[in-house]
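Report on the structure given below.
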Amino acid sequence: MPELPEVETIARNLAKGDEQTPSVLGQKIVSSSIFWAKTVAEPDLLSFHSAIKNQSVLNVSRRGKFLIFDLDHAFLLIHLRMSGDLIMRYADMPLPLSKPLVPHDHVYLHFADNWHLAFNDTRKFGRVWLTPDPNHILSKLGPEPFDPKLTDVNFADKLRKHKRQLKPLLLDQSFIAGLGNIYTDEALFEAGLNPRRQSNSLSFDDSSRLLRAIRKVLQLGIEHNGASIDWAYKGGGFQNYFQVYQQTGNPCPRCGNPITRTVIGQRGTHFCERCQPLI
DNA sequence: CCTGAAACCTGTCTGC
DNA sequence: TGCAGACAGGTTTCAG
């Protein structure tokens with residue numbers, strides 16, 4: 001489910017808590033459960049269990065689509081990939097657990113007072129890393145879309161350095177971090193650019209418009225707490241504002257032409273052939 | 001360097 | 001109803 005706005009929403013909600021749920025901040029991890037070994041990318045399971053025990057959660061943040069939990073002596077990185085979700089849950093059960101409490105739960109961080117953070121992931125693509133040096137993973141990422149250091153000039157330069165179709169380039173996390181299939185389609189529509197357009201063919205105005213469009217759709221996504229179009233994530237409302245994503249055959253909100261679906265780089269891609277012509 | 005295909009997984013929906 | 005095939009918000013790896 002998660003792209004930048006969804007991951008941002010999850011990070012904020014975990015930090016905030018609500019009437020019934022405590023914040024994850026300040027929680028001390030008393031033990032951990034792992035039900036699907038491959039979910040833990042690093043270190044090995046024994047080291048993970050022993051290293052994470054007795055550490056407290058000092059902060060939660062996001063970089064690209066990674067969640068970053070600052071612990072006392074390490075960082076816990078979590079990537080939710082396609083179907084991952086994180087849930088603070090209360091369960092008064094004796095530990096250790098031999099089986100997950102809910103189908104598709106793969107990792108628990110057990111806190112004091114019977115609360116735990118559950119990593120639930122139907123498709124098992126998600127991964128967690130416990131490491132003293134998050135940079136060896138995060139440094140591969142391109143700039144944050146909202147980083148003020150990413151200027152129009154800067155972005156135009158980056159686009160010109162590649163000769164790639166816009167859609168797969170924007171999905172490339174080393175080019176820019178945080179965009180996924182929804183927000184890429186929405187941003188290209190907002191900017192009026194064809195998803196197959198070669199990145200080095202854009203005018204300066206085109207690239208400025210694209211950067212503005214990326215920020216606009218991500219901002220809108222964050223304001224609506226992300227998009228919920230699937231079974232796992234129920235928080236967001238951005239799905240009610242899709243202009244082209246999953247709107248195949250529906251009239252383009254700008255010109256009325258039916259929205260087209262095609263496949264580019266193995267990803268379903270939605271756009272308006274009239275508003276986003278391939279020049 | 002670029003593109004496309006396959007792999008990692010499970011669940012849902014569509015069409016015959 | 002049953003079943004094959006397509007498809008799903010992601011990323012990595014490999015071939016051409």
Side-chain angles (χ1 to χ4, degrees), chain A residues 1-10 35-42 62-67 77-86 100 102-107 119-129 136-138 140-142 145 158-189 195-201 214 217-218 220-222 224-249 261-270:
Chain A
M1 96 210 154
E3 304 180 34
L4 186 153
E6 291 75 32
V7 178
E8 178 70 26
T9 301
I10 289 169
F35 306 108
W36 183 258
K38 288 170 86 172
T39 299
V40 178
E42 118 184 19
R62 175 197 61 74
R63 170 82 170 94
K65 301 174 192 172
F66 286 85
L67 284 153
L77 302 184
I78 301 186
H79 198 303
L80 303 167
R81 294 280 179 95
M82 291 285 263
S83 55
D85 199 6
L86 287 170
V102 170
H104 312 301
D105 279 351
H106 305 313
V107 176
F119 178 38
N120 184 281
D121 183 16
T122 309
R123 293 179 71 180
K124 298 178 174 169
F125 290 166
R127 293 291 181 265
V128 312
W129 297 256
H136 82 278
I137 297 161
L138 301 178
K140 295 170 190 150
L141 294 175
K158 280 170 63 67
L159 286 165
R160 228 179 298 116
K161 283 196 185 106
H162 299 273
K163 188 179 180 176
R164 290 178 66 183
Q165 304 180 116
L166 288 176
K167 168 86 185 215
L169 182 59
L170 294 179
L171 287 174
D172 185 338
Q173 300 300 299
S174 68
F175 181 77
I176 187 167
L179 290 171
N181 214 30
I182 294 177
Y183 294 92
T184 299
D185 281 5
E186 293 296 317
L188 288 170
F189 173 75
R196 291 193 197 274
R197 181 85 177 271
Q198 295 286 304
S199 58
N200 65 344
S201 77
I214 289 168
V217 299
L218 290 175
L220 203 59
I222 291 170
H224 291 283
N225 301 312
S228 335
I229 62 172
D230 232 324
W231 60 92
Y233 189 65
K234 303 177 195 77
F238 185 62
Q239 67 280 5
N240 299 318
Y241 298 85
F242 291 166
Q243 305 291 294
V244 290
Y245 184 78
Q246 286 190 341
Q247 304 302 308
T248 313
R261 180 186 187 277
T262 185
V263 175
I264 303 174
Q266 299 187 103
R267 308 303 302 277
T269 300
H270 313 76

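Since we're looking at a predicted model, the values are computed, not measured. Residue numbers begin at 1 in each chain, while the letters A, B, ... track the order of the sequences.
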Report yes if a side-chain nitrogen or oxygen of A:Lys38 is closer than 4.0 Å to either non-bridging phosphate oxygen (OP1 or OP2) of B:dC8; otherwise report no.
no
List the atom of A:Gly221, the atom of A:Pro5, and the distance in Å for their closest heavy-atom pair.
C-CB, 3.7 Å
A:Phe125 on top of B:dC8's base, within under 5.5 Å and under 30°?
yes
If the cut-off is 4.0 Å, is A:Arg267 near the phosphate of C:dG10, judged by side-chain N/O to OP1 or OP2?
yes
Between A:His79 and C:dT11, is there a side-chain N or O to OP1/OP2 distance below 4.0 Å?
yes
Send over the distance from A:Asn200 CG to B:dC1 P, rounded to a whole Å.
15 Å
Check this one for me: any side-chain N or O of A:Gln173 less than 4.0 Å away from OP1 or OP2 of C:dG10?
no
Stem finding on DNA chain B, please: runs of three or more consecutive Watson-Crick or G-U wobble pairs, both distances under 3.5 Å, sorted by first number.
B:2-8 with C:10-16, B:10-16 with C:2-8
Pick the P atom in C:dA6 and in B:dA5, then give their distance to the nearest Å.
13 Å
Separation of C:dT11 P from A:Phe175 CZ (nearest whole Å)
15 Å
Quick one: is A:His162 getting a side-chain N or O under 4.0 Å of the B:dC2 phosphate, OP1 or OP2?
yes
Looking just at side-chain N and O atoms, do A:His270 and A:Asp185 make a donor-acceptor pair shorter than 3.5 Å?
yes
Can you identify which nucleotide, out of C:dG9, B:dA5, C:dA8, has its nearest atom closest to the A:Gln266 side chain?
B:dA5
Taking the side chain of A:Lys124 as heavy atoms from C-beta outward, which of C:dT11, B:dC9, C:dA8 is closest to it?
B:dC9
Do the side-chain N or O atoms of A:His104 get closer than 4.0 angstrom to the phosphate oxygens (OP1, OP2) of B:dG11?
yes
In terms of side-chain heavy atoms of A:Glu6, which of B:dT10, B:dG4, C:dG9 is nearest?
C:dG9
Contact under 4.0 Å: A:Lys140 side-chain N or O vs C:dT11 OP1/OP2:
no
Rounded to whole angstroms, how far apart are CG on A:Asp121 and P on C:dA8?
18 Å
Tell me: CD1 of A:Ile264 to C1' of C:dG10, nearest whole Å?
17 Å
Check every strand shown and say whether A:Tyr183 touches a base, only sugar-phosphate, or nothing at a heavy-atom separation below 4.0 Å.
nothing
From the set B:dG11, C:dG10, B:dC2, return the single nucleotide nearest to any side-chain atom of A:Lys163.
B:dC2
For C:dA8, does OP1 or OP2 lie under 4.0 Å from any side-chain N or O of A:Gln246?
no
Output the single nucleotide from B:dT10, B:dT3, C:dC7 whose closest atom is nearest the side chain of A:Arg261.
C:dC7
Reckon A:Arg81 has a side-chain N or O less than 4.0 Å from the OP1 or OP2 of C:dG9?
no
